[in-house]
2 protein chains.
Amino acid sequence: MSTEARYDRMLRDAALRVTRPRRAVLAAVHAHPHADAETVMTAVRRDVGAVSHQAVYDVLRALTDAGLVRRIQPPGSPARYESRVGDNHHHLVCRSCGAIADVDCAVGEAPCLTAAEHHGFEIDEAEVVYRGLCPRCAAAPVS
Amino acid sequence: MSTEARYDRMLRDAALRVTRPRRAVLAAVHAHPHADAETVMTAVRRDVGAVSHQAVYDVLRALTDAGLVRRIQPPGSPARYESRVGDNHHHLVCRSCGAIADVDCAVGEAPCLTAAEHHGFEIDEAEVVYRGLCPRCAAAPVS
DNA sequence: GGCATTTCTTGACTCGTTCCAGAATGACCG
DNA sequence: CGGTCATTCTGGAACGAGTCAAGAAATGCC
């Protein structure tokens, strides 16, 4: 099955209509892990030509709602999208360049940590963001 | 020592000039844990009258840089500020109303968790955000 | 092929935050 | 205490990221 057919299948299985922008956004998110909306937009336009920014936002939301895409919001960054869903993995974020890497969740499902004090909250997720310097920024002298 | 004198001391100890806006912002952040910039602005203006929004942003940044205030950026929320600094505590965030509560860090200093795979990153902090429903939203029927 | 619903287009708008030139002020020094 | 200098504040503009909304275009079903 071609990747295009695969994305079409994913869309249909999620009860979503199959449209060119949707195919293109799904492909872009798969091709560019942790891309922001602007990056997705650029990739989509390179792939299928003119697509409105509104359509890209709409499609990203529809795919996120359908569980085909995960939306993360690392501090200091615009929202980012990734195709790796359902395993509650965490992220490493570089303080300097913003690079993001995945970190497997030791538990594999949310919530994976227990708050010392839950203040009466019904906790259903624990998201961990590890911050530091990526190999490249750690090797470069601070300037 | 009055609270005002206490804030003046904190500012001087951090090598920051003592100005009315600065005193007021520091007081506002102490009085309103996890307040966003807008809330801080409102409190400051109620306290000392007209203060430009630029000044509030500038002061919040100066206080954060000086370590007197901590800036957090919970997903789906504007930046928030708190006076509780230095203990690497985490947060509980309500999915529904956005309420935030502190959670002590079991380790007390960063990084408090070890990533299963660090991808060559030099990790210096692990931030945990627990998400769920606060007692109030958990008790109210979804509508 | 027609129809109904959904999706996309186009442009405007909002929110939260930053930029910038110039005025005002705090702190230091004599 | 007054002068000076560097810093901070003011007022308005601007930006980035995302949302809103009316109408045109497209998908999928029958």
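The sequence lines fix the lettering, A, B, ..., with proteins before strands; numbering per chain opens at 1.
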*Asks:* Side-chain contact, heavy-atom cut-off 4.5 Å: A/V25 with A/L63?
*Replies:* yes

*Asks:* Counting only heavy atoms not in A/R84 (residues, nucleotides, ligands), do more than 12 fall under 6.0 Å from its CZ?
*Replies:* yes

*Asks:* Give a yes or no on whether the backbone of A/E127 and the side-chain of B/R131 come within a donor-acceptor separation of less than 3.5 Å.
*Replies:* no

*Asks:* Quick check: does any side chain N or O of A/E117 sit under 3.5 Å from a backbone N or O of B/D104, one acting as donor and the other as acceptor?
*Replies:*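 Looks like no, no N/O pair under 3.5 Å.
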
*Asks:* In whole angstroms, how far is the P atom of C/dA27 from the CG atom of B/D8?
*Replies:*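 One finds 9 Å between P of C/dA27 and CG of B/D8, rounded.
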
*Asks:* Expressed in angstrom and rounded to an integer, what is the separation of A/L63 atom CG from C/dT6 atom P?
*Replies:* 17 Å

*Asks:* Name the atoms and distances for all side-chain donor-acceptor pairs under 3.5 Å in residues 42-51 of chain B, with sequence neighbours left out.
*Replies:*
residue: B/T42; atom: OG1; partner: B/E38; partner atom: O; Å: 3.0
residue: B/R45; atom: NE; partner: B/V51; partner atom: O; Å: 2.9
residue: B/R45; atom: NH2; partner: B/V51; partner atom: O; Å: 2.8

*Asks:* May I have the step-by-step check of side-chain contact (heavy atoms from CB on, under 4.5 Å) for A/R95 and B/D124, ending in yes or no?
*Replies:* CA-CA 10 Å; A/R95 295 186 176 290; B/D124 50 56; 2.8 Å; yes

*Asks:* For D/dG18 and A/Y57 - does any side-chain N or O of the residue sit under 4.0 Å from the phosphate oxygens OP1/OP2?
*Replies:* yes

*Asks:* Taking a pair as Watson-Crick (N1 to N3 plus N6-O4 or O6-N4) or G-U wobble (N1-O2 and O6-N3), both under 3.5 Å, which stems of 3 or more consecutive pairs involve DNA chain C?
*Replies:* C:1-30 with D:1-30

*Asks:* Scan nucleotides 6-13 of chain D nucleotide by nucleotide, 5' to 3', and note B when protein non-hydrogen atoms come under 4.0 Å of the base, S if they reach only the sugar-phosphate, - if neither.
*Replies:* BSSSBBBB

*Asks:* Could you check how far CG of A/D65 sits from C1' of C/dT7, rounded to whole Å?
*Replies:* 15 Å

*Asks:* Rounded to the Å, how far apart are A/L60 CG and C/dT7 C1'?
*Replies:* 14 Å

*Asks:* Do B/H91 and B/D102 have side chains that get closer than 4.5 Å, going by heavy atoms?
*Replies:*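 A side-chain contact under 4.5 Å exists here.
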
*Asks:* How about A/R61: does its CZ atom have over 12 heavy atoms from other parts shown lying under 6.0 Å from it?
*Replies:*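 For A/R61, atom CZ is not crowded (no more than 12 foreign heavy atoms under 6.0 Å).
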
*Asks:* By a strict heavy-atom criterion of less than 4.0 Å, which residues belonging to residues 90-101 of chain A are in contact with DNA chain C?
*Replies:*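 The answer is none.
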
*Asks:* I'd like to know if the side chain of A/R22 and the backbone of A/R17 have a donor-acceptor N/O pair within less than 3.5 Å.
*Replies:*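 At least one qualifying donor-acceptor pair exists.
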
*Asks:* Quick one: label B/R61 by what it contacts on the DNA or RNA (base, sugar-phosphate, nothing), any heavy atom closer than 4.0 Å.
*Replies:* sugar-phosphate

*Asks:* For residues 109-138 of chain A, pull every pair meeting ring pair (Phe, Tyr, Trp, His ring centres under 6.0 Å), keeping only residues two or more places apart or in separate chains.
*Replies:* none

*Asks:* Holding to side-chain hydrogen bond (donor to acceptor under 3.5 Å, both in side chains), I want the full list of residues that pass it with B/R23, two or more places apart in sequence or in another chain.
*Replies:* B/D8

*Asks:* Under 4.0 Å between any heavy atoms, over every strand shown, what does B/A62 touch: base, sugar-phosphate, or nothing? Just pick one.
*Replies:*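 If one applies the 4.0 Å heavy-atom cut-off, B/A62 turns out to touch nothing in the nucleic acid.
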
*Asks:* Please give, in whole Å, the distance from D/dA17 P to A/D36 CG?
*Replies:* 7 Å

*Asks:* Tell me the interatomic distance from A/L11, atom CG, to D/dT27, atom P, rounded to whole angstroms.
*Replies:* 13 Å

